[in-house]
*Asks:* 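After the structure tokens below, expect a handful of questions from me.
Numbered from 1 within each chain, the chains take letters A, B, ... in sequence-line order. Atoms considered below: every heavy atom in the structure, side chains included; atoms not considered: hydrogens, waters and symmetry mates.
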Amino acid sequence: MSVTELDSLDTLVSLAKSRAFIYQSSEIYGGLGAVYDYGPLGTELKRNIRDFWWKEMTQRHDNIVGLDSAIFMHPKVWEASGHLDGFNDPMIDDKQSNKRYRADMLIENHIAKLRSDGKAEKADELQERLDTAGSREGVCEDLYQIIIDEEIRAPESGAFEWTEVRQFNLMFKTQFGATSSGRDDDDAVYLRPETAQGIFVNFKNVMDTARQQVPFGIAQIGKAFRNEVVARQFVFRMREFEQMEMQYFVEPGTDEESYDHWLKKRLDWHKRLGIRESKLRTHPHPEDKLAHYAEQAADIQYEYPIGWQEVEGVHNRTDFDLSQHMEHSGKKLEYYDQQKQEKYVPYVIETSIGLDRTVMMVLCDAYREEEVDGDTRTVLKMNPQLAPTKVGVFPLIKKDKLQDLAHKITDDLREDYNVLYDESGSIGKRYRRQDEAGTPFCITVDFDGVESEGEDTVTIRYRDDMTQDRVPVSRLKEVIDEKMKSWKPE
RNA sequence: GCGGGAGUAGCUCAGCGGUAGAGCAUCUCGUUGCCAACGAGAAGGUCGCCGGUUCGACUCCGGUCUCCCGCUCCA
């Protein structure tokens, strides 16, 4: 049998829509860029993945507790975290080389060059203009004017073909207070660009009230927002997305060991999620590419149709965040070790995974097209635990006797699983419909099962290999649970 | 952001200067005896949006939005 895997994102986008997994946001208005909505099946899938993570990261550990912090936070949080400085730059593009530069840096370099050429007076004058940029028109307009007036050329191409200067605000800004004018920066609050900061600012609260001793972790799942420069590739890079993060607080000196431990543990989680090992790898960041807060960092990557991409990041954030918040808030965020009788600011190992990217990974990894008797079967062979619908229940044909039992089975199983009753179309069509939705089990009620002696029996058909077993109705749950547990990716 | 491609039914797409089509999907009725393949019928589109040319625009032109590919960027 020939089997084809997912080769293009387009195919997945079509399937995701037609099978009610994922829709583009505000589609009837032409769509909103890089924002997506989850449909009925997508919502279930996402919830199952979210639960799978939450169970692993909290329930399975005595020393990891949950948190649900607000999306709005005090603006000073972002000063302390470095997000405000780091991601608010005026940028300009060289149209010839398509290179992008920081407009203020171009001018600074130009000033430095003037000085080294002995043109100190001219340099001072420009420095003055640079320092007061924003006082004439906007910052962008003023910087642009300087670049044009001075005929500053692109460092690499030597071209003088600039776009306008644009401010890149990677954080979404909004106003706090219903009567805000919208122009007063004092009212500005930001939509959090990462959930991590909610954990750091609650570190003291949790330590004081949740009876945790270092080492311990705080886990959180929530939305984050980033004004991506280039937001593309379906739900891989969205402006509004959901993170699942755990910050693990350790004694300095034990951080490297803990980092290795969590990296390994997280990779293992992806395998248990049902992702094929050959499609997963870890990818350490070279030192010169580390984020401003990190000492060690690695991606856990999946081989999407668009190539190897980061699903999760594991970072050693050191004591950067807690120290920053200590300095900016003036509050002590230290831990006192009773045994050793010493105080320290804990180091933090972060595991941060994108939920939407995980949904996309699960869909990509599960997708198969198989040739069956000259026909193509599209099937999502995902971990049954993640499947939006667990069981389809069908009467073989529309006869009271079969329908009655099928309804009864549906009601019985509903207590434990997401069940779908379907009697429309041929039986084969109903199986294939469920294959595309990833439903792992289909139960069919037939005459052989209800007309024979003894307890009623039904057939249960398995999504992955299309084989069937005949089982008594009373054993259905047992069989489903057993198959669900023993499932392995192909 | 730059360059290229695309936008017509839920999905995949055809079409043409004269007021819209197919396959699949959906719904109803019939049929049905285990893998999308039967019969009859129905519903569904201001052809992405705005403007221009024209007697007339889904079709030509301009703008705009969205998506895809490449480059660039990225916490």
*Asks:* Measure from NZ or CZ of Arg461(A) to the centre of the six-membered ring of Tyr431(A) and say whether it is under 6.0 Å with the direction within 45° of the ring axis.
*Replies:*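 Pair Arg461(A)/Tyr431(A) counts as cation-pi.
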*Asks:* With rounding to whole Å, what would you report as the distance between rA9(B) and rA43(B) at their C1' atoms?
*Replies:* 11 Å
*Asks:* Using only modelled atom types and a 3.5 angstrom limit, is any donor from either the side chain of Asp10(A) or the base of rC68(B) paired with an acceptor on the other?
*Replies:*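 By the distance-only test, no, there is no pair.
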*Asks:* Under 4.0 angstrom, heavy atoms only, what part of the nucleic acid is Lys398(A) near: base, sugar-phosphate, or nothing?
*Replies:* base
*Asks:* Calculate the interatomic distance between Asp422(A) atom CG and rA25(B) atom P; express it in whole Å.
*Replies:* 13 Å
*Asks:* Expressed in angstrom and rounded to an integer, what is the separation of Arg377(A) atom CZ from rC24(B) atom C1'?
*Replies:*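 Going from Arg377(A) (CZ) to rC24(B) (C1'), I get 19 Å.
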*Asks:* Report the C-alpha separation of Thr195(A) and Glu245(A) in whole Å, then their side-chain angles, then the decisive distance to 0.1 Å, and conclude whether the side chain to side chain donor-acceptor pair (under 3.5 Å) test is met.
*Replies:* CA-CA 7 Å; Thr195(A) 54; Glu245(A) 295 198 313; 2.6 Å; yes
*Asks:* Are Lys429(A) and rC35(B) close enough that a side-chain N or O sits under 4.0 Å from OP1 or OP2?
*Replies:* no
*Asks:* Under 4.0 angstrom, heavy atoms only, what part of the nucleic acid is Arg430(A) near: base, sugar-phosphate, or nothing?
*Replies:* nothing
*Asks:* Look through every strand shown and name the nucleotide pairing with rC24(B) as Watson-Crick or G-U wobble, where both distances are under 3.5 Å.
*Replies:*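 By the stated definition (distances under 3.5 Å), rG10(B) pairs with rC24(B).
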*Asks:* When both hydrogen-bonding distances must be under 3.5 Å and the geometry is Watson-Crick or G-U wobble, what is rA43(B) paired with, if anything?
*Replies:* none
*Asks:* For Tyr190(A) together with Phe172(A), are the ring centres under 6.0 Å from each other?
*Replies:* no
*Asks:* What interatomic distance, in whole Å, is found between C1' of rU8(B) and the corresponding atom of rU59(B)?
*Replies:* 11 Å
*Asks:* With rounding to whole Å, what would you report as the distance between rG63(B) and rU72(B) at their P atoms?
*Replies:*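 These two P atoms come out 27 Å apart once rounded.
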*Asks:* Does Thr444(A) reach a base, just sugar-phosphate, or nothing at all? Heavy atoms under 4.0 Å.
*Replies:* base
*Asks:* Return the 5'-most residue of the pair Asp448(A), Ile306(A) with respect to RNA chain B, ranking by each residue's nearest nucleotide.
*Replies:*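 Result of the comparison: Asp448(A).
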*Asks:* NA contact type, Tyr23(A), heavy-atom cut-off 4.0 Å: base, sugar-phosphate, or nothing?
*Replies:* nothing
*Asks:* Using only heavy-atom distances, decide whether a donor-acceptor pair under 3.5 angstrom links the side-chain of Arg461(A) to the base of rC35(B).
*Replies:* yes
*Asks:* Is Thr376(A) close enough to rA36(B) that one of its side-chain N or O atoms is under 4.0 Å from OP1 or OP2 there?
*Replies:*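 The answer is no; no side-chain N or O of Thr376(A) sits under 4.0 Å from OP1 or OP2.
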*Asks:* What is the distance, to the nearest angstrom, from the CD atom on Glu194(A) to the P atom on rC74(B)?
*Replies:*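 Interatomic distance, CD of Glu194(A) to P of rC74(B): 17 Å.
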*Asks:* In the strands shown, is rA57(B) matched to any nucleotide by a Watson-Crick or G-U wobble pair with both distances under 3.5 Å, and which?
*Replies:*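 rA57(B) is unpaired by these criteria.
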*Asks:* Side chain of Arg237(A): nearest nucleotide among rC35(B), rC74(B), rG33(B)?
*Replies:*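 So the nucleotide nearest the side chain must be rC74(B).
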*Asks:* In whole angstrom, give the distance that lies between atom OH of Tyr36(A) and atom C1' of rC68(B).
*Replies:* 10 Å
*Asks:* What are the two closest non-hydrogen atoms of Met238(A) and Tyr36(A), and how far apart are they?
*Replies:* SD-CD1, 3.6 Å
*Asks:* Which residue in the set Tyr347(A), Tyr259(A), Trp262(A) passes side chain to side chain contact (heavy atoms under 4.5 Å, CB included) when paired with Tyr248(A)?
*Replies:*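 Of Tyr347(A), Tyr259(A), Trp262(A), side chain to side chain contact (heavy atoms under 4.5 Å, CB included) with Tyr248(A) is met by Trp262(A) alone.
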*Asks:* OP1 or OP2 of rU12(B) less than 4.0 angstrom from a side-chain nitrogen or oxygen of Ser14(A), does that happen here?
*Replies:* yes
*Asks:* Relative to Trp269(A), does Arg266(A) satisfy both conditions: NZ or CZ under 6.0 angstrom from the six-membered ring centre, and within 45 degrees of the ring's axis?
*Replies:*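 The answer is yes, since Arg266(A) meets both limits relative to Trp269(A).
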*Asks:* In Watson-Crick or G-U wobble terms, both distances under 3.5 Å, what is the partner of rU64(B)?
*Replies:* rG48(B)
*Asks:* Rounded to the Å, how far apart are Ile397(A) CD1 and rG30(B) C1'?
*Replies:*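 These atoms are roughly 13 Å apart.
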*Asks:* Tell me what Arg433(A) touches on the nucleic acid: a base, only sugar-phosphate, or nothing, going by heavy atoms under 4.0 Å.
*Replies:*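 Sugar-phosphate, backbone atoms only, no base.
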*Asks:* With sugar-phosphate meaning primed atoms plus P, OP1 and OP2, does Ser352(A) contact a base, only sugar-phosphate, or nothing at under 4.0 Å between heavy atoms?
*Replies:* nothing
*Asks:* Strictly by Watson-Crick or wobble contacts shorter than 3.5 Å, is anything paired with rC38(B), and which nucleotide is it?
*Replies:*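 When the pairing criteria are applied, rG30(B) turns out to be the nucleotide that pairs with rC38(B).
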*Asks:* Give me the distance, rounded to whole Å, that separates rU28(B) from rA14(B) when you measure between the P atoms they each carry.
*Replies:*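 These two P atoms come out 32 Å apart once rounded.
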*Asks:* Rounded to whole Å, how long is the line connecting atom CD of Glu79(A) with atom P of rA75(B)?
*Replies:* 20 Å
*Asks:* Tell me the partner of rC71(B), counting only Watson-Crick (N1-N3 plus N6-O4 or O6-N4) or G-U wobble (N1-O2 and O6-N3) with both under 3.5 Å; none if nothing fits.
*Replies:* rG1(B)
*Asks:* Considering only the C1' atoms, how many Å lie between rG1(B) and rG56(B), rounded to the nearest integer?
*Replies:*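 Result for the C1' pair: 40 Å, nearest Å.
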*Asks:* Give a yes or no on whether the ring-centroid distance for Tyr304(A) and Tyr302(A) is below 6.0 angstrom.
*Replies:* yes
*Asks:* What is the nucleic acid contact for Ser8(A), judged by heavy atoms within less than 4.0 Å: base, sugar-phosphate only, or nothing?
*Replies:* nothing
*Asks:* Of all the nucleotides listed (rG33(B), rC35(B), rA37(B)), which has the minimum atom distance to the side chain of Asp375(A)?
*Replies:*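 Minimum distance to the Asp375(A) side chain belongs to rA37(B).
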*Asks:* Nearest whole Å is fine: how far is rA75(B) P from Gln296(A) CD?
*Replies:* 18 Å
*Asks:* Roughly how many Å apart are rU32(B) and rG23(B), using the C1' atom of each and rounding to a whole number?
*Replies:* 24 Å
*Asks:* Taking atom P of rC73(B) as reference, at what distance in whole Å does atom CD of Gln233(A) sit?
*Replies:* 15 Å
*Asks:* For RNA chain B, whose closest nucleotide is more 5', that of Ser18(A) or that of Leu396(A)?
*Replies:*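 Comparing both residues, the 5'-ward one is Ser18(A).
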*Asks:* Go through rA36(B), rA75(B), rC34(B) for me and flag the one nearest to the Thr378(A) side chain.
*Replies:* rA36(B)
*Asks:* Is the phosphate of rC11(B) approached by Lys17(A) (side-chain N or O, under 4.0 Å from OP1 or OP2)?
*Replies:* yes
*Asks:* Tell me whether the NZ or CZ atom of Lys223(A) lies within the 45° cone about the ring axis of Phe241(A) and under 6.0 Å from its centre.
*Replies:*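 So Lys223(A) doesn't make the cation-pi contact.
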*Asks:* Scan Glu436(A) against the nucleic acid and name what it touches under 4.0 Å (heavy atoms): base, sugar-phosphate only, or nothing.
*Replies:* base
*Asks:* How far apart are the C-alpha atoms of Ser424(A) and Arg433(A), what are their side-chain angles, what is the distance that settles it, and do they pass the side chain to side chain donor-acceptor pair (under 3.5 Å) test?
*Replies:* CA-CA 11 Å; Ser424(A) 88; Arg433(A) 260 202 288 256; 3.1 Å; yes
*Asks:* Describe the nucleic acid contact of Gln468(A) in one word from base, sugar-phosphate, nothing, applying a heavy-atom distance below 4.0 Å.
*Replies:*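 Base: the residue Gln468(A), judged by heavy atoms under 4.0 Å, touches a nucleobase.
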*Asks:* Between rA36(B) and rC24(B), how far is it from one C1' atom to the other, in whole Å?
*Replies:*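 Roughly 10 Å separates the two C1' atoms.
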*Asks:* For rC61(B) versus rG39(B), give the span between their P atoms, rounded off to a whole number of Å.
*Replies:*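 Looking at atom P only, rC61(B) and rG39(B) are 43 Å apart.
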